[in-house]
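Worksheet: one structure, shown below.
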Amino acid sequence: MPAVDVFAGLNEDQRAAVAHVKGPLLVVAGAGSGKTRVITRRIANLIQAAGTRPDRILAITFTNKAAGEMKERVHQLLGLQTPWICTFHSAGYRMLRMDRSREGSEGDFSICDDEEPEKYVRQIVKDLGRNPKEFEPKKLCHRISEWKNNLADLATLTPNDDFDAVCLDVAKEYARRLDAENKLDFDDLLLKPVRLLEKDTVARRRWQERFPYILIDEYQDTNTAQYKLIRLLGEHRNVCATGDPDQAIYGWRGADIRNILSFQSDFDKPNDPVTTIKLETNYRSTQVILRAAQGVIVNNTERMEKTIRTDNVEGKPLSLLAVDDELDESYAIAAALTRFHEQGRPWGEMAIFYRTNAMSRVLEDALRRRAVPYQLHGGQRFYDREEVKHVIAYLKLLVNPRDSGALARIINVPKRGIGDSTHEQLTAFAEEQLVSPTDVLERPDLLAQVAVGRAAGPLADFARLWRLLRTLPLGDPPARVRGVIELTSLAGHYSDRPPAELEDRLGNMREVITAAEQFREVDAAGGLVGFLEIVGLNTDAGSREDRTAGQDRAQLMTLHAAKGLEFPIVFIAGLEEGLLPLLRGKEIEDTKLQEERRLMYVGITRAMKELYLSRSRCRMLYGQTFHFQPSRFLAEIPSNCFVAKDATGRHAVPDPTPPPGSRRPSMQQSQAEAKAAVAAALDSGLIKRGSNLRPTTQVGDDRTLESDALAPGQRIIHSTFGRGTVAVLRGEPEDRVAIIEFDKYGAKELRLMYAMAKITLA
C-alpha cells in the first residue's frame, strides 16, 4: 500500500502532535479541536514513519464506541488492524490472560456479571452473622469498588467506622472466594494488572517492551488505578496523553483532574522535558460561542492556560430567556424548537441540556403538548424511570384497589419480606373469598387466615401501611404523592445506591410532587384520578414515540451526557444558583464549584451555531416554589456575547450579575426595606403588576391572625421556618397563596388556609 500523507489537512499544532515520536507528549486539546483526528493520525505515523508494528502500540480510550471509531479511522488510513486500541478494562483483561497463558496456568479465569458481586457479598454478610438489612450488599459493593479503584491495601487499611470495619472483613473474604473460584470482578481488571506490574519486575519489563508507544485519550478522566497502570507501563516515557482539564466533569465517579495537571512533573527529566502542545483552534463553534465559553472557564484555577479560537464566522449572539417559572421556560423552549423546525431545521439538530434528571419532566411535558418528537439521550423518559413508576403504582392502587399490576409492583417495594410465593398466596386467597387482595388487607378476619407463619409479620406490616395510605386525601394529588413517598419510605429502597444515584432517584420521586401540584393549579377539581389520567396519556405518548425510533427527533439530556456531542442549536435550561451550579447546602466547596463551571463550559461548547440560555425567576421543586438568583455563570459571560430576552414578553430582563459566590440576597431587612425590595421587584418585573398588593394591616397579639393581615413586605414568624418576609400574595381569599422569603430557608410557597395557624407577625 502506498504511503499515506498523515499530515494532510492538519493545522500547525496538529501536525506537531502527529510528528512527535520520542519522549513524553501532552496534547491539551480544546473542545472541538480535532483531538480524535490527531490521535489516529499519530498512530498511523508511528506505524508508517517510525516502523512500529501495529500490535506494539497501546492506545487506550474510555468507551468501546470510541475505540471502535479509532480502529476504523486507522484502518481507513493504512488498511491495517490495530488490536490494542481498546478501553482500560479490555487492556487489563487481555494482559492478565496473556500472562496466565505464559505461566501455563490450568483453566482460564471468568469475569463476574453485574449481579454476581452483590450475591457474593450478601452471602458473606450472612456468613459473618450480620444482617443484610443493616449492612446492605449494594452499599458494601460500592465501598469495595472505591477501595479497589483507589488501590487500597486491605491488609493495612484502617476502618473509619463500624460500617467500614464490617466492609473490610467482607472485602477480604470476597477477595478470597473470588481467588478460590478463579474469578474476577470488573474492578479487578484494573487492580490485578497494577498489582502484577508492581510486584513482578520481569513482567513489568516485558510489558513495557511490548508497548514502546502508549497513547491515552481523555486523560483528565483517569482514576487512581488507571493512572498507576499508565505510570507502570510508561516508565520508558514514550507516553502521549491527550485531554482537556477544562472538560474534567467526572470527579463524582472517581476521576482525578490532578492526573493530567501533574503529567509534566510526572514525566519530566533533566534536559529532557515533556513536550506540551495545545490544540486551541476550534472547528465546531462560532466565535461568539467560544468567547462565552472562554469567559466562563477562565474563572477556574485548576486548569492549564489556553484560549480556544476559531476561523468560523462571528455567529448569532447568545440569547438569554428570562421567564417567570419552569412552565414558562419549558413552553418557551418548545415553541422555539417548533419555530426552528417550521423554518426548515431538522429536529435532530436541536438539543436541550439540563443539570439534573428530574428537570426533564416539565420539558418533556411541554414538548409533548406541542407534538415535538424527542429522544431522551443516555436515560429514560421521566415516567419510565423505575422510582417514578413505583410512586405512580402506589397512586394507581389507591385509586383502583383492584389493580393487580400496581399491587405486584409495590407489594415488596421497599423490601418488606413479601416474596412471590406470599403474594401468590394472598392473591389466591382473595379469589377464593371473591374479594380483592387489598380487601383482605383491610379486613382483620380475612388477613388472619392468610398472614400465617413467616408471612404473618410482613403482611401485617403491609396491611397497616395500606390502611394508613387510604387515609390520604383523594382530592389533593400533591398531598397524596407526598404521603406515598414519606409513609412508604421509598427512599430507603435506594439507600444502598451510590450517593449520586441516590440523590438522582430521590429528586425524580419528589418531582412527581411538583407534577401533581402543577396539575392541581390547572385542574383543581380533577383530583388524583385526573392526575393519573394525564400521567397515563404521557406514558402512552412516550411508548408511541419509542416505536418510531430512528425518526428525526430533538435531543434531551443532562450536561454530563452531552460531553462528546455537538448540535447546531443548543438550549441550556435552569441557569440559576442552586441548579447550575448545583448547590448542596448554603455554600459550595471550591473544588465542586470548579467542576460545575467545567460542566457549564462543556455545555456551551457543544453548540455549533446558536446557543440559548434560560433561567426562571421562580421554580417549583418538590411541590414548593422557590426564588432563585441568576447563575453566577451568566455574569461570567462577556456582555457583548448575548442579547437578553423575556420569553413571556411581559418583563424587561435585569442584568444577570449577582455578586460572585452569592446565593441569595440577605433577608435581614426591616419592614420598610422589604417594601422597598418589593417596589424594586415590581420595577424589574420580578413580581407581576396586578398581584394582590395590600397595605400592611396591624394586628394585635390578642386576636387570631387572618390571611388578609398579610401583605408584601410584611415581616412574619413561622413556627417551623422562623422569620421571613412576605414577597408575593396571589389567589382568591379562600385559596390564597403566599411566597415568603425566609431568612434561613429561602423562598417557600405556602397555602394560607393551612399555614396561618403557624404564622405570627414579627
Side-chain angles (χ1 to χ4, degrees), residues 26-33 35 218-223 227 241-265 276-282 284-285 288-310 318 353 355 558-560 562-564 570 572 574-585 587-607 611 613 629-639 641-642 656-663:
L26 176 62
V27 179
V28 183
S33 62
K35 172 173 60 69
E218 304 288 7
Y219 196 68
Q220 77 278 354
D221 294 334
T222 53
N223 64 22
Y227 167 79
T242 65
D244 184 4
D246 291 340
Q247 297 185 69
I249 60 174
Y250 297 120
W252 52 275
R253 68 182 188 193
D256 191 343
I257 192 175
R258 293 174 297 181
N259 294 344
I260 191 170
L261 296 177
S262 65
F263 184 88
Q264 183 168 336
S265 60
T276 299
I277 297 174
K278 298 178 182 179
L279 304 183
E280 298 176 293
T281 301
N282 177 286
R284 174 190 300 154
S285 306
V288 67
I289 289 172
L290 295 184
R291 284 204 309 275
Q294 191 72 25
V296 171
I297 201 62
V298 293
N299 292 280
N300 269 6
T301 57
E302 294 180 341
R303 63 187 303 265
M304 293 178 174
E305 187 60 40
K306 73 176 188 305
T307 301
I308 49 175
R309 55 184 180 272
T310 186
L318 281 60
F353 304 156
R355 179 61 181 86
T558 64
L559 285 160
H560 281 100
K563 188 171 185 291
V570 166
I572 303 180
L575 273 159
E576 299 130 35
E577 287 290 296
L579 280 180
L580 186 62
L582 184 63
L583 303 176
R584 297 179 176 90
E587 301 297 334
I588 184 169
E589 297 176 15
D590 183 62
T591 299
K592 292 181 179 178
L593 175 59
Q594 296 207 41
E595 183 154 322
E596 291 289 307
R597 186 175 281 112
R598 292 193 289 268
L599 200 55
M600 179 68 177
Y601 174 82
V602 165
I604 293 175
T605 55
R606 300 310 95 191
L611 177 61
L613 311 175
Q629 294 297 308
S631 169
R632 70 189 72 193
F633 301 149
L634 289 173
E636 295 173 355
I637 296 175
S639 59
C641 287
F642 60 80
T657 53
S662 68
R663 183 179 182 188

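Please read these numbers as outputs of a predicted model, since none were measured by experiment. The figures here come from the full heavy-atom set of this structure, side chains too, leaving out hydrogens, waters and symmetry mates.
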Salt-bridged, Lys592 to Glu595, with N to O below 4.0 Å? no
Keeping Arg598 on the side-chain end and Ala248 on the backbone end, is there a donor-acceptor pair under 3.5 Å? yes
Within the 4.5 Å heavy-atom criterion, are Ser631 and Glu576 side-chain neighbours or not? no
For the CG atom of Leu580 and the CZ atom of Arg355, what is their distance to the nearest 0.5 Å? 7.0 Å
Does a side-chain N-to-carboxylate-O contact under 4.0 Å join Lys35 and Asp244? no
Kindly indicate whether the side chain of Ile308, heavy atoms from C-beta on, has any atom under 4.5 Å from the side chain of Tyr601. yes
Does Glu305 offer a backbone N or O that forms a donor-acceptor pair with the side chain of Lys278 under 3.5 Å? yes
Side chain to side chain, Leu613 and Leu318, heavy atoms closer than 4.5 Å: yes
Would the distance check show the side chain of Asn282 and the main-chain N or O of Ala31 forming a donor-acceptor pair, the cut-off being under 3.5 Å? yes
Taking every heavy atom of His560 against every heavy atom of Tyr250, the minimum-distance pair comes out as O-OH, 3.5 Å
So which atom in Ser262 and which in Asn259 form the shortest heavy-atom distance, rounded to 0.1 Å? OG-O, 3.4 Å
Does Gln594 offer a backbone N or O that forms a donor-acceptor pair with the side chain of Asn300 under 3.5 Å? yes
Side chains of Pro245 and Val28: does their closest heavy-atom pair fall under 4.5 Å? yes
Heavy-atom distance under 4.5 Å between the side chains of Met304 and Leu26, does that happen here? yes
Look at the side chain of Arg284 and the backbone N and O of Thr605, then say whether any donor-acceptor pair between them is shorter than 3.5 Å. yes
Would the distance check show the side chain of Glu280 and the main-chain N or O of Arg309 forming a donor-acceptor pair, the cut-off being under 3.5 Å? no
Point-to-point distance, once rounded to the nearest 0.5 Å, from CZ of Arg291 to CD1 of Ile604: 12.5 Å
Can you check whether Asp246 reaches Lys306 side chain to side chain, under 4.5 Å on heavy atoms? yes
Would you find a donor on one side and an acceptor on the other, under 3.5 Å apart, between the side chain of Gln247 and the backbone of Val602? no
Backbone N or O of Val27 within a donor-acceptor pair of the Thr242 side chain at under 3.5 Å? no
Which heavy atom of Ala292 sits nearest to which heavy atom of Pro638, and what is that distance? CA-CD, 4.2 Å
Does the side chain of Gln220 pick up a donor-acceptor pair with the side chain of Glu218 at under 3.5 Å? yes
Indicate yes or no: at least one non-hydrogen side-chain atom of Tyr227 is less than 4.5 angstrom from one of Asp256. no
Spacing of Ile297 atom CD1 and Arg303 atom CZ [to the nearest 0.5 Å]: 6.0 Å
Rounded to the nearest 0.5 angstrom, the CD1-CD distance for Ile257 and Glu302 is 5.5 Å
Grab the two heavy atoms, one from Ala241 and one from Tyr219, that are nearest each other, plus how far apart they are. CB-CG, 3.7 Å
Which pair of non-hydrogen atoms, one from Phe642 and one from Ile637, has the smallest distance, and what is that distance? CD2-CG2, 3.6 Å
Interatomic distance, Leu575 atom CG to Met600 atom CE [nearest 0.5 angstrom]: 4.5 Å
What distance do Ile249 atom CD1 and Thr558 atom OG1 have between them, rounded to the nearest 0.5 Å? 8.0 Å
Apply side chain to side chain contact (heavy atoms under 4.5 Å, CB included) to Asn299 and Arg632, showing your working. CA-CA 11 Å; Asn299 292 280; Arg632 70 189 72 193; over 6 Å; no
